[in-house]
Participant: 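Below is one structure. I have some questions about it.
The shown structure was predicted, so the numbers you read here are calculated from the model rather than taken from an experiment.
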Amino acid sequence: MWWLFRAGRTCDLRVGADYDGGSTGVRGGRSRRSGPPAAADDALEGPAWPAERTVRAQAVAELLLNPPPPQPGRVAALKLAGVRISGRLMLSGGIITPYLQLDDCRFDEQLMMQECRAGSMRLVRCLIPRLEAARLTVTGDLHLPQCLIPGGIRLTDAQIGTDLLLNQLTVRRDRAGRAVAADGLQVGQDLDAELIDVTGEFSLRSARIGGRLSLRGSALHNPHGRYALNAARVQVEHTLYLTAGWNAMEGGAGDTRPPPGSATRDFVCEGGLRLDDGRFGNAVIVTRSDFRLTGDQQLSLRRIQTPELRFVPGTPPDGTVSLAGARVGKLVDAPDSWPESGRLSLRGFVYEGLTPLEEFPLRARIAWLHAATPEFRPEPYERLAAALRAGGEDAEAREVQLARQRRRRETLPPAGRIWGWLQDVTVGYGYRPGRAAVWMAVLWAIGATYFAVHPVPHPSDSGYVPHWNPALYALDLLLPVIDLGQDNAWREAGAGQWVASGLILLGWVLATTAAAGASRLLRRGS
C-alpha cells in the first residue's frame, strides 16, 4: 500500500484483481470493475473478509496526514479497493493533501473528519458505520455514491468546493433521529442525492447550494418524526428537484430526460417536508412525488421565493400543504395536484401567472380557492383575478371577482345579504353589466304594454300637455335622472299610480346597482 501510494496506483485486494509483481509483489494497477462488485467483494452485504484484506486505520491516517514523497514523475494518491480498514480512522483537524479514492471498502468503526481540510475525496460502495464530518472543508468534490452508512452522517457547516454526490446512498438515523445532519452546509455547485434511501431526518437547514439540489427518485422515511426533509432557509441557486429518478449510470444525467426503457422511481417522502423561507433561483419542481403525511406532519412551503413552482405530484398529498406567504412567478399545477378541502393554506400566497399542465376549468379553480379559505378572505380571489388578467383572460377574471362577492355575501348581516342578492341578480355586482340592460328592457316592455291597454291618465296641473306616448312614458318613469317630458305631465290614479311608482323604484335600484358595479369594475381590483 505504501509503495502504490507513492506511485499513485490502486491497491486492489478484491477477488481476481490484477496481479502486479513489480518490485513489491503486490496487487495493484487500475480498478478492474466499474459495475457492481462480485458477491465475495460486496462491502455492503457480502461475507466476512479474510485477514489479508485488512489494513490498519492508523496506517491509512499516516499516509493521508504525513505522506511520503511520490516517486519521480508520479502524483501520490491513496486508492484502495476491496480493503477492510480496522480501527477508527481519525482525521479530525488534519490537512489531507493526497487524492483519496476508496472503492468497495469496509470500515470497522466510524470515520472521523471533523474540521478536516482536503482536496477531492471519492468513496464508492463503502460500508461506513458513521461519518462525522462537521465543519469539513473540501476544495474539490466529495463523492459518497452507493455507500451504506447505518449510523448517520454529520456534515454540519461543512464546505464543499464543487459538487457533493450522494446518489444511491443508504443512510439510517443516529440516536438523535437524524440520518443526515447538514445544517449550514455550503456546496459550490450541485448537490445530487438521487435514488437515496434515508431513514430518519434529512436536515439541510440554512444550507447554501450553488447549483441544483436534486432528490430525484429518492425515498425519505421518517414516519415517527416531524420531518423527513427539513430544509428551512435553504438557498439553491438553480433548481430543486423532488421528482422521479433513474440510474444515471445507465445513461443520461443532470437535467436530461431518462433514456428510453430506463426504470424510474418516484420520489417518496414519508414524513413532513419543510422548505420554509427557502430561496430558489430557477424553480421548485414537484412531479411524480408521493407524500405520505400523518398527524400534524405538513408539506410546508411557507414564504418560499422562486420564479417557478411546478406542483404536479401525481396524487394529492394526504396531509396539509401550506403556501402561506410564498412568492412565485409562475404556478404550474393541475386539478388533482392539491389536497382535499381544509388542508390547503394560501394565506398571503402571491403568484404572477398560471400555467396549468392540463385543463383546469375556471369552476374548479374557484373551488380550489374556496377549499383553501374555510373563512372568507378576499386576497386569494384578488390574486387569481390578477393572474388571469395578466394572461389576457379578462372575462375569467371578472368571474373570479363575482365569485368573491358571492362568497363575501355569506358573511354579511341579513340586510347586506339582501342588498348583495339584488346586485347579483340585477347586474352581477357590476361584473355582468349586460344584465341591467336586459332588466331595463323587460321592465320597459311591461310598463309600455300596461299603459297602452289602460285609459290615458289625466294631465297634471302644470299646464303642459304633450302627446300621449305609452312607451315614452314608461321609459321616462324608469330613467331616474333623464327627463323626457312625460313623467311630470300626467297624473296617475288607482292601479296606474302603483305601477308608475314601482317603475320609478325599480329604475332607481337598477341605476344604483349599475353605478356601484361600474365603479367596482373601474377599480378592477376591488
Participant: With the side chain counted from C-beta on, respond yes when Arg365 and Leu384 share a heavy-atom pair under 4.5 Å apart, and no when they do not.
Facilitator: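 The answer is yes, as the side chains (C-beta and beyond) meet within the 4.5 Å cut-off.
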Participant: Test side-chain contact (heavy atoms from CB on, under 4.5 Å) on Trp2 and Arg6; report intermediate values, then the result.
Facilitator: CA-CA 7 Å; Trp2 192 275; Arg6 296 184 62 205; 4.1 Å; yes
Participant: So Val171 and Phe202, side-chain contact (heavy atoms from CB on, under 4.5 Å) or not? Walk me through it.
Facilitator: CA-CA 10 Å; Val171 59; Phe202 191 159; over 6 Å; no
Participant: Return the CE to CG distance between Met121 and Leu111, rounded to the nearest 0.5 Å.
Facilitator: 8.0 Å
Participant: Going by an N to O cut-off under 4.0 Å, is there a salt bridge joining Asp192 and Arg212?
Facilitator: yes
Participant: Val83 pairs by side chain to side chain contact (heavy atoms under 4.5 Å, CB included) with which of Asp104, Val55, Val60?
Facilitator: Val55
Participant: Would the distance check show the side chain of Asn222 and the main-chain N or O of Tyr227 forming a donor-acceptor pair, the cut-off being under 3.5 Å?
Facilitator: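 Judged by distance alone, yes, a pair lies under 3.5 Å.
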Participant: What distance separates Arg84 CZ from Arg56 CZ, expressed to the nearest 0.5 Å?
Facilitator: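 Reported to 0.5 Å precision, the distance equals 13.0 Å.
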Participant: Among Arg327, Arg303, Arg302, which one satisfies salt bridge (Lys or Arg N to Asp or Glu O under 4.0 Å) with Asp277?
Facilitator: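 For Asp277, the salt bridge (Lys or Arg N to Asp or Glu O under 4.0 Å) test succeeds with only one of Arg327, Arg303, Arg302, which is Arg303.
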Participant: Keeping Ser337 on the side-chain end and Asp333 on the backbone end, is there a donor-acceptor pair under 3.5 Å?
Facilitator: no
Participant: For Arg347, does the CZ atom have more than 12 heavy-atom neighbours from other residues, nucleotides or ligands under 6.0 Å away?
Facilitator: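 Not more than 12 within 6.0 Å, no.
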Participant: Look up atom CG in Leu220 and atom CG in Leu273, then write down how far apart they are to the nearest 0.5 Å.
Facilitator: 7.5 Å
Participant: May I ask you to check if Arg407 and Phe376 form a cation-pi contact, with NZ or CZ under 6.0 angstrom from the six-membered ring centre and within 45° of the axis?
Facilitator: no
Participant: Is Ile209 close to Gln189 at the side-chain level, that is, under 4.5 Å between some pair of heavy atoms?
Facilitator: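 The answer is no; the side chains never approach within 4.5 Å.
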Participant: Has Thr156 got a side-chain atom pairing as donor or acceptor with Arg154's backbone, closer than 3.5 angstrom?
Facilitator: no
Participant: For Pro68 versus Leu63, what's the shortest heavy-atom pair and its separation?
Facilitator: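 The pair with the smallest heavy-atom distance is CD-CD2, 3.8 Å.
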Participant: Please walk me through it: do Arg122 and Asp103 pass side-chain contact (heavy atoms from CB on, under 4.5 Å)?
Facilitator: CA-CA 8 Å; Arg122 189 170 185 265; Asp103 295 318; 3.8 Å; yes
Participant: Would the distance check show the side chain of Thr287 and the main-chain N or O of Val312 forming a donor-acceptor pair, the cut-off being under 3.5 Å?
Facilitator: no
Participant: Does the side chain of Asp183 pick up a donor-acceptor pair with the side chain of Ser203 at under 3.5 Å?
Facilitator: yes
Participant: Minimum heavy-atom separation for Tyr351 and Ala387, please, with both atom names.
Facilitator: CE1-CB, 3.7 Å
Participant: For a 4.5 angstrom cut-off between non-hydrogen side-chain atoms, does Val286 reach Arg310?
Facilitator: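 Side-chain contact under 4.5 Å: no.
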Participant: Below 4.5 Å, heavy atoms only, C-beta onward: do Leu166 and Leu142 meet side chain to side chain?
Facilitator: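 Leu166 does not reach Leu142 side chain to side chain.
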Participant: Using 4.0 Å as the upper bound for N to carboxylate O, is an ion pair formed by Glu132 and Arg130?
Facilitator: yes
Participant: Nearest 0.5 angstrom please: Gln168 CD to Ile196 CD1, how far?
Facilitator: 11.0 Å
Participant: So, Glu194 and Ser214: side-chain donor and acceptor under 3.5 Å apart, yes or no?
Facilitator: yes
Participant: Looking at Arg233 and Ser206, what are the two nearest heavy atoms and their distance?
Facilitator: NE-OG, 3.0 Å
Participant: Between Val15 and Ala40, what is the shortest heavy-atom contact and its length?
Facilitator: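 Closest approach of Val15 to Ala40, heavy atoms only: CG2-CB, 4.0 Å.
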Participant: Where is the tightest heavy-atom contact between Leu293 and Asp318, given as atom of each residue plus distance?
Facilitator: N-OD1, 2.8 Å
Participant: Find the distance between CG (Leu131) and SG (Cys126) and round it off to the nearest 0.5 Å.
Facilitator: 11.0 Å
Participant: Does a donor on one side chain and an acceptor on the other come within less than 3.5 Å for Glu379 and Tyr381?
Facilitator: no
Participant: For Arg288 and Gly314, indicate whether the former's side chain and the latter's backbone hold a donor-acceptor pair under 3.5 Å.
Facilitator: no
Participant: Should we say atom CD of Glu358 is surrounded by more than 12 heavy atoms from elsewhere, each under 6.0 Å from it?
Facilitator: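 Correct, the count exceeds 12.
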Participant: Quick one: does any side-chain atom of Gln297 pair with a main-chain N or O of Pro223 as donor and acceptor, under 3.5 Å?
Facilitator: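 Yes, because the side chain of Gln297 sits within donor-acceptor range (under 3.5 Å) of the backbone of Pro223.
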Participant: Taking Asp163's backbone N and O only, do any of them form a donor-acceptor pair with Asp141's side chain (distance below 3.5 Å, no angle check)?
Facilitator: yes
Participant: To the nearest 0.5 angstrom, please state how far the CG atom of Leu229 sits from the OG atom of Ser300.
Facilitator: 11.5 Å
Participant: So is Arg53 actually on top of Trp49's ring, under 6.0 Å and inside 45° of the axis?
Facilitator: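 Yes.
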Participant: Please verify the inter-ring angle class for Phe291 with Phe311; under 30° counts as parallel, over 60° as perpendicular, anything in between as tilted.
Facilitator: parallel
Participant: Does the side chain of Phe349 come within less than 4.5 Å of Pro380's, by heavy atoms?
Facilitator: no
Participant: Using a strict cut-off of less than 4.0 Å between a Lys/Arg side-chain nitrogen and an Asp/Glu carboxylate oxygen, indicate whether Asp41 and Arg106 qualify as a salt bridge.
Facilitator: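 The answer is no: the pair does not qualify as a salt bridge.
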Participant: Does the side-chain contact (heavy atoms from CB on, under 4.5 Å) test come out yes or no for Leu144 and Leu165, once each step is laid out?
Facilitator: CA-CA 6 Å; Leu144 295 168; Leu165 181 64; over 6 Å; no
Participant: Using a 3.5 Å distance criterion without hydrogens, assess whether the side chain of Thr306 forms a donor-acceptor pair with backbone atoms of Glu308.
Facilitator: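 Such a contact is found between Thr306 side chain and Glu308 backbone.
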Participant: Would you check if the side chain of Arg135 reaches a backbone N or O of Ala133 as a donor-acceptor pair within less than 3.5 Å?
Facilitator: no
Participant: Any chance the side chains of Thr199 and Arg173 put a donor and an acceptor closer than 3.5 Å?
Facilitator: no
Participant: For Ala193 and Ser218, which heavy atoms make the closest approach, and how far apart are they?
Facilitator: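 Between these two residues, the closest heavy atoms are O-OG, 2.6 Å.
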